[in-house]
Trainee: 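Next up is a structure, given as structure tokens.
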2 protein chains.
Amino acid sequence: MKLEKITNKSRRYEDACGTAHALDLIGERWAMLVMRELMLGPRRFGDLRAGLPGVSANVLTQRLEGLEAAGVVRRRKLPPPASVQVYELTDWGLEAEPFIKGLGKWAARSPLHDPSLPLSAVSMMLSLRTMFRPDPAIGSLTIGFQFGEEAFHARVRDQALTTGRGEAGDADVVIAAPPPTVAAAVYGFAPLPPEAVATGDREAFDRFATLFELPDKAG
Amino acid sequence: MKLEKITNKSRRYEDACGTAHALDLIGERWAMLVMRELMLGPRRFGDLRAGLPGVSANVLTQRLEGLEAAGVVRRRKLPPPASVQVYELTDWGLEAEPFIKGLGKWAARSPLHDPSLPLSAVSMMLSLRTMFRPDPAIGSLTIGFQFGEEAFHARVRDQALTTGRGEAGDADVVIAAPPPTVAAAVYGFAPLPPEAVATGDREAFDRFATLFELPDKAG
DNA sequence: CGGCATCCGGGAAGATACTG
DNA sequence: CAGTATCTTCCCGGATGCCG
């Protein structure tokens, strides 16, 4: 049953082109978005469901199986006492980040793009990596983000941005707000509500926000 | 009927993430491969079918409609006496080249990749752009390719590669062979058969071939 | 709750035949 | 040559249920 699916060639592009092979591997519905959700570290099945609005459990199971068979995703059992199973990208899977961001940056120019839709915490953090402008990024800045239970941080230094999971002890400011609210503030759609500043200096966030810009619309 | 399809939200990712929106626009089956075939210039319906092994006419029609609605593809009627209809990428559609190549380069590292499958002329030329190594590319070199009726050229100068449709009057060598044969020679799987050299200096092609390299397999 | 199997309805993709 | 019409097959999405 499982073997049939993997060896089933009928639905594959019979094409030596690398792009076609990429679509054989990760071109099915939801596959690249699963990879997106894993881009910032391992996640549990339920975490993935939460970050992927509308995916059904059986489809998510199929995708994870397919991505595992392709060598893009690995499942790992955390040691006791945690003993939970998590999914994570392989090294090679992690190398997909540039074109996954490239897709996002390109599509942000679409006139049909609707920024008011839901946005996962991972999407928010990845969008920072995508839309960062190194040129005006002088000085150092550290921002903490608290999205419900999940903590992230972003650090600007030497005209480079690094982001990741976890709190930053040295944050200039910690923002606690839903991802869409933070996105709206960073990209200038709506000012950050005062209550979103959990601790620290709001002005640091405002400087941070000037370092990101959405591309112009196409057409 | 057509409007229903475009406004039908049921199959869309309800996600503000740019990557998700990209997949709304060009994530359907065959869509990115249609874009690939248009990357080197306008094509007719039949040309696209020929370059896309296995696509059926109705699906190709649907994709072209969808890509046109998304603003990625434009249909144009050539002036008389030609009067044929062609499809071409918009400027924005053309900007997809980096991540389409990125997908290909990434997937070329897959252990499951099978280079012996069919390869279209456009795929062949795009793979050159993808796998070019600037560092060893000293000197100048111009190669012509004749794939059946279609002519292409590649030019190396100042450690940069340019490729496009049409013959090059100043080619050092002109290769006339099927795209897979040329690919096998460029990437070192099989030597170029002598009869593939239509005119010019075979050794020029051999030097050219050293400028391209497939990435190592992952895992 | 996490993960996976199963069934079902709708719809997209594939194959083929057909038309201007 | 450039699509359209039709039929079949299969994937996707939703619901349910099982089991640890």
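Note on naming: letters A, B, ... go to the chains in the order of the sequence lines (proteins, then strands), and numbering restarts at 1 for each one. The shown structure was predicted, so the numbers you read here are calculated from the model rather than taken from an experiment.
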Trainee: Between atom CD in A:Glu28 and atom C1' in C:dA13, what is the gap in whole Å?
Mentor: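 Checked: the CD to C1' distance equals 13 Å.
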
Trainee: Could you work out, with salt bridge (Lys or Arg N to Asp or Glu O under 4.0 Å) as the rule, every residue matching A:Arg44, not counting sequence neighbours?
Mentor: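 Salt bridge (Lys or Arg N to Asp or Glu O under 4.0 Å) check on A:Arg44 returns nothing, list empty.
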
Trainee: Quick one: list whatever passes side chain to side chain contact (heavy atoms under 4.5 Å, CB included) with A:Gln146, sequence neighbours left out.
Mentor: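 Applying side chain to side chain contact (heavy atoms under 4.5 Å, CB included) to A:Gln146 gives A:Ala151, A:Glu167, A:Ala176.
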
Trainee: From CG of A:Leu60 over to P of C:dA5, roughly how many Å is that when rounded to an integer?
Mentor: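 Atom-to-atom, A:Leu60 to C:dA5, this comes out as 13 Å.
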
Trainee: Expressed as a whole number of angstroms, how long is the span from B:Gln62:CD to C:dG14:C1'?
Mentor: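 After rounding, the gap between these two atoms is 11 Å.
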
Trainee: Considering only NZ, NE, NH1 and NH2 on the basic side and carboxylate oxygens on the acidic side, decide whether A:Asp24 and A:Arg11 come within less than 4.0 Å.
Mentor: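 A:Arg11 and A:Asp24: not salt-bridged.
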
Trainee: Listing time: all N or O pairs from protein to nucleotides 2-6 of chain D that are below 3.5 Å?
Mentor:
unit_1	atom_1	unit_2	atom_2	d
D:dA2	OP1	B:Arg44	NE	2.5
D:dA2	OP1	B:Arg44	NH2	2.8
D:dA2	OP2	B:Gly46	N	3.0
D:dG3	OP1	B:Gln85	NE2	3.0
D:dG3	OP2	B:Gln85	NE2	3.3
D:dG3	OP2	B:Tyr87	OH	3.1
D:dA5	N6	B:Asn58	ND2	3.3
D:dT6	O4	B:Asn58	ND2	3.1

Trainee: Ignoring backbone atoms, establish whether B:Arg11 has a side-chain N or O less than 4.0 Å from OP1 or OP2 of D:dC11.
Mentor: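 For D:dC11, neither OP1 nor OP2 has a side-chain N or O of B:Arg11 closer than 4.0 Å.
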
Trainee: Taking 4.0 Å as the cut-off, does a side-chain nitrogen or oxygen of A:Trp30 come that near to OP1 or OP2 on D:dG13?
Mentor: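 So the side chain of A:Trp30 is within the cut-off, an N or O lying under 4.0 Å from OP1 or OP2 of D:dG13.
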
Trainee: Rounded to the Å, how far apart are B:Leu78 CG and D:dC1 P?
Mentor: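 Whole-Å distance recorded here is 17 Å.
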
Trainee: To the nearest angstrom, how far is B:Leu64 atom CG from C:dA12 atom P?
Mentor: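 Answer to the nearest Å: 17 Å.
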
Trainee: Nearest-Å distance, CZ (B:Arg63) to P (C:dG14)?
Mentor: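 Rounded to whole Å, this separation is 8 Å.
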
Trainee: Run the side-chain donor-acceptor check on residues 177-197 of chain B: report pairs under 3.5 Å with partners two or more places apart or on a different chain.
Mentor:
unit_1	atom_1	unit_2	atom_2	d
B:Tyr187	OH	B:Ser127	O	3.2
B:Tyr187	OH	B:Ser127	OG	2.8

Trainee: Could you state the atom-to-atom distance from CG of A:Leu33 to P of D:dG13 in whole Å?
Mentor: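 Rounded to whole Å, this separation is 11 Å.
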
Trainee: List the residues meeting salt bridge (Lys or Arg N to Asp or Glu O under 4.0 Å) with A:Asp216, not counting sequence neighbours, and say none if there are none.
Mentor: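 By the salt bridge (Lys or Arg N to Asp or Glu O under 4.0 Å) rule, A:Asp216 matches no residue at all.
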
Trainee: Please, which pairs that meet salt bridge (charged side-chain N to carboxylate O under 4.0 Å, His left out) have at least one residue in residues 86-99 of chain A, sequence neighbours excluded?
Mentor: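 Every salt bridge (charged side-chain N to carboxylate O under 4.0 Å, His left out) pair that includes a residue of residues 86-99 of chain A, provided the two are not neighbours, is A:Arg74-A:Glu88, A:Arg76-A:Glu88, A:Glu95-B:Arg109, A:Glu97-A:Lys101, A:Glu97-A:Arg129.
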
Trainee: Calculate the interatomic distance between A:Arg43 atom CZ and C:dC1 atom P; express it in whole Å.
Mentor: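 Value for this atom pair: 17 Å.
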
